[in-house]
Peer 1: 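One structure, as structure tokens, below. Some questions next.
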Amino acid sequence: DVYKRQHVVTDKVQQLYPEAPVLRAVGAQAYVGQQLCNADGEVVGIVFVLFRHAIADTDFITSTLQIFASRASAEIERQLADIRIRHQASLLDKAQDAILVRDLDHRIIFWNKSAERLYGWSQLQALGQSIETLLYEDPTHFRHATQTVLEQGEWTGEIVQRHRDGSTIEVEGRWTLVRGDDGQPQSILAINTDIRQRKASEREIQRLAFYDALTGLPNRMLSWTACTRPWPPRSGASRAGRCCSCLLYTSDAADEEDS
């Protein structure tokens with residue numbers, strides 16, 4: 001109720017509130033106050049007017065104060081929302097993963113500090129750009145992943161992207177469809193983790209498993225894998241009912257003993 005949020009003293013306000021030094025400081029005789037409330041009805045402040053003389057007709061004063069209080073409440077709420085948004089953005093900037101948000105036209109609308117470090121583009125340079133043209137040499141995989149997000153609400157997987165200098169970046173992406181208050185798709189949130197070091201380690205492990213560390217030549221494991229892999233039959237051999245064989249020859253003593 002508006003009137004419950006107002007307080008009006010038409011005369012002798014100092015006698016009613018002798019503990020308030022501001023009333024004595026200005027020689028106030030009358031007071032009109034209005035609470036400031038946010039959209040949820042919570043009190044966020046107060047605005048008041050002091051008069052050095054008694055007042056009789058308060059309707060004009062209170063109605064004017066209500067208009068001012070409504071505008072002040074909206075401005076305070078906007079400033080508080082801005083503070084919350086800046087605080088949340090600062091937390092996202094502390095994340096080690098690249099966090100970016102794009103609208104449904106693939107225009108970048110959020111780009112955190114880790115994205116700057118991973119891709120080489122500053123936030124100012126990235127905002128408003130098409131993420132498809134900025135980060136992808138071949139957008140085929142990107143388009144398939146985006147379609148999955150739109151249909152299923154999320155996508156997780158590995159994808160190859162492009163750095164500002166043209167080099168490739170292997171990332172593990174976790175993409176989520178963000179909906180508005182009306183339930184309609186609004187944007188896509190992407191959290192991308194740099195996995196280049198992990199992929200390099202995996203390739204090195206595979207190399208050590210299949211190639212000789214000293215000579216760099218394929219070892220017995222790779223040869224055996226190649227020979228035991230199913231091969232499509234050649235038309236001539238298939239028609240003649242013949243098959244092919246593979247001979248493995250090892251020259252070192254250890255391999256001779258093993259064989």
Side-chain angles (χ1 to χ4, degrees), residues 38-40 42 74-209:
N38 61 19
D40 297 325
E42 300 171 336
E75 178 61 20
I76 290 174
E77 189 165 13
R78 185 192 66 79
Q79 292 181 3
L80 292 175
D82 287 346
I83 291 173
R84 287 194 297 269
I85 291 172
R86 286 196 296 269
H87 176 65
Q88 292 169 355
S90 69
L91 294 178
L92 293 177
D93 278 337
K94 292 180 173 62
Q96 296 300 311
D97 295 328
I99 300 176
L100 40 149
V101 180
R102 68 181 190 270
D103 61 23
L104 299 184
D105 293 324
H106 309 316
R107 299 291 173 182
I108 299 168
I109 58 178
F110 180 80
W111 186 267
N112 76 339
K113 292 293 184 184
S114 291
E116 291 184 341
R117 291 188 291 269
L118 179 59
Y119 301 112
W121 299 97
S122 70
Q123 184 183 74
L124 185 62
Q125 293 169 325
L127 292 181
Q129 296 292 324
S130 167
I131 194 170
E132 180 176 314
T133 57
L134 191 70
L135 297 184
Y136 297 94
E137 186 75 32
D138 179 3
T140 303
H141 193 181
F142 164 78
R143 292 172 182 173
H144 288 164
T146 299
Q147 189 63 33
T148 300
V149 174
L150 295 175
E151 292 175 354
Q152 302 180 12
E154 61 181 5
W155 172 85
T156 301
E158 297 179 3
I159 194 168
V160 176
Q161 298 176 324
R162 181 178 59 193
H163 190 273
R164 182 180 181 180
D165 62 12
S167 60
T168 58
I169 306 172
E170 295 171 294
V171 303
E172 182 178 68
R174 296 174 297 283
W175 301 357
T176 303
L177 185 65
V178 179
R179 298 182 181 274
D181 294 336
D182 58 359
Q184 295 301 310
Q186 191 175 63
S187 59
I188 295 176
L189 166 68
I191 302 176
N192 297 331
T193 303
D194 185 356
I195 59 172
R196 284 175 292 183
Q197 185 174 359
R198 189 188 82 191
K199 299 297 286 185
S201 298
E202 291 175 356
R203 286 190 288 267
E204 178 63 14
I205 291 172
Q206 186 178 35
R207 188 189 68 82
L208 293 174

Peer 1: Any chance CD of Glu154 has more than 12 other-residue heavy atoms, nucleotides or ligands included, within less than 6.0 Å?
Peer 2: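 12 or below, so no.
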
Peer 1: Could you tell me if the side chain of Leu118 sits less than 4.5 Å from the side chain of Val171, heavy atoms only?
Peer 2: yes

Peer 1: If you measure from CG on Leu135 to NE2 on His106, what distance do you get to the nearest 0.5 Å?
Peer 2: 12.5 Å

Peer 1: Would the number of heavy atoms belonging to other residues, nucleotides or ligands and lying under 6.0 Å from NE2 of His141 be above 12?
Peer 2: yes

Peer 1: Can you tell me how far apart CG (Leu134) and CZ (Arg162) are? Round to the nearest 0.5 Å.
Peer 2: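 Leu134 atom CG to Arg162 atom CZ measures 7.0 Å (nearest 0.5 Å).
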
Peer 1: Surrounding CG of Asp182 (heavy atoms of other residues, nucleotides or ligands, distance under 6.0 Å), is the total greater than 12?
Peer 2: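 Yes, because the 6.0 Å sphere around CG of Asp182 holds more than 12 heavy atoms from other groups.
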
Peer 1: When rounded to the nearest 0.5 angstrom, what distance separates CD in Glu42 from CD in Glu77?
Peer 2: 9.0 Å

Peer 1: Would the distance check show the side chain of Gln161 and the main-chain N or O of Ile169 forming a donor-acceptor pair, the cut-off being under 3.5 Å?
Peer 2: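 Flag not set: sc Gln161 to bb Ile169 has no pair under 3.5 Å.
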
Peer 1: What distance separates Arg117 CZ from Asn112 CG, expressed to the nearest 0.5 Å?
Peer 2: 7.5 Å

Peer 1: Ignoring hydrogens and angles, state whether a donor on the side chain of Gln147 or Glu151 is under 3.5 Å from an acceptor on the partner side chain.
Peer 2: yes

Peer 1: Output the distance between atom OG1 (Thr156) and atom CD (Glu172), rounded to the nearest 0.5 Å.
Peer 2: 7.5 Å

Peer 1: In the structure I gave you, are the side-chain heavy atoms of Val101 and Val178 within less than 4.5 Å of one another anywhere?
Peer 2: no

Peer 1: May I have the list of side-chain donor-acceptor pairs in residues 188-197 shorter than 3.5 Å, sequence neighbours left out?
Peer 2:
residue	atom	partner	partner atom	Å
Asn192	OD1	Trp175	NE1	3.0
Asn192	ND2	Tyr119	OH	3.1
Thr193	OG1	Asp97	OD1	3.1
Thr193	OG1	Arg174	NH1	3.4
Thr193	OG1	Arg174	NH2	3.2
Asp194	OD1	Arg196	N	3.0
Asp194	OD1	Arg196	NE	3.0
Asp194	OD2	Arg196	NE	3.2
Asp194	OD2	Arg196	NH2	2.7

Peer 1: Are the side chains of Glu170 and Glu158 in touch, meaning some heavy atoms are under 4.5 Å apart?
Peer 2: no

Peer 1: For Pro185 and Leu104, work out which heavy atoms get closest and say how close.
Peer 2: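 Answer, listing the atom of Pro185 first, then Leu104: O-CD1, 3.5 Å.
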
Peer 1: Using a 6.0 Å cut-off, check whether atom CD of Glu137 has over 12 heavy atoms from anything other than its own residue.
Peer 2: no

Peer 1: Check the side chains of Thr146 and Arg143 for a donor-acceptor pair under 3.5 angstrom, ignoring hydrogens and angles.
Peer 2: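 Their side chains do not contain a donor-acceptor pair, so the 3.5 Å distance test is not met.
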
Peer 1: Measuring only between side-chain heavy atoms, which start at C-beta, is Ser187 closer than 4.5 Å to Arg102?
Peer 2: no

Peer 1: With heavy-atom distances below 4.5 Å as the criterion, would you say the side chains of Gln129 and Trp121 are in contact?
Peer 2: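 SC-SC contact between Gln129 and Trp121 ruled out.
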
Peer 1: Which heavy atom of Glu132 sits nearest a heavy atom of Phe142, and at what distance?
Peer 2: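 Taking every non-hydrogen atom into account, OE1-CE2, 3.5 Å.
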
Peer 1: Is it the case that over 12 heavy atoms from other parts of the model lie below 6.0 angstrom from the CD atom of Gln186?
Peer 2: yes

Peer 1: Say you draw a straight line from CG of Asp103 to CD1 of Ile131; how long is it, rounded to the nearest 0.5 Å?
Peer 2: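 Separation between the atoms: 10.0 Å.
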
Peer 1: List the atom of Leu127, the atom of Phe110, and the distance in Å for their closest heavy-atom pair.
Peer 2: CD2-N, 3.8 Å

